[in-house]
*Asks:* 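Here it is, the structure in full.
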Amino acid sequence: TMSALDKIRQAFPDLKDASDSELLGEISKLTGTPYESAATMLGVAPRGTMAETARQIGAGFAVDRALADSARPAPH
């Protein structure tokens, strides 16, 4: 069976080469809905969305900061 995103690509040839993320971004912009809402509406797994990426980057910064802080010598 064809995914909702593939059906959109088929209906709109200008978007046929767009990645899932680019296509969801365009749908989000055209419909005025948040990216995650557009993904949910079309039955696309939220894995890999910008929000998840941002969460992972934020968590990475927190871990990096904690490691840097623990490696610093204690003040005398």
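The chain is numbered in sequence order, starting from 1.
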*Asks:* Closest approach of Leu23 and Leu5, non-hydrogen atoms and distance?
*Replies:* CD2-O, 3.5 Å
*Asks:* When rounded to the nearest 0.5 angstrom, what distance separates CG in Leu15 from CD in Glu22?
*Replies:*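 Reported to 0.5 Å precision, the distance equals 9.5 Å.
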*Asks:* Could you tell me which residues satisfy salt bridge (Lys or Arg N to Asp or Glu O under 4.0 Å) with Lys7, sequence neighbours excluded, listed by chain and number?
*Replies:* none
*Asks:* Side-chain donor-acceptor pair under 3.5 Å between Ser21 and Ser19, yes or no?
*Replies:*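 On atom types as modelled, these side chains do not qualify, holding no pair under 3.5 Å.
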*Asks:* So, the side chain of Ser28 versus the backbone of Thr33: is there a donor-acceptor pair under 3.5 Å, distance only?
*Replies:* yes
*Asks:* Of all residues at least two apart in sequence or in a different chain, which pass the side chain to side chain contact (heavy atoms under 4.5 Å, CB included) check with Gln10?
*Replies:*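 Here the qualifying residues are Met2.
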*Asks:* Please, which pairs that meet salt bridge (charged side-chain N to carboxylate O under 4.0 Å, His left out) have at least one residue in residues 11-21, sequence neighbours excluded?
*Replies:* Arg9-Asp20
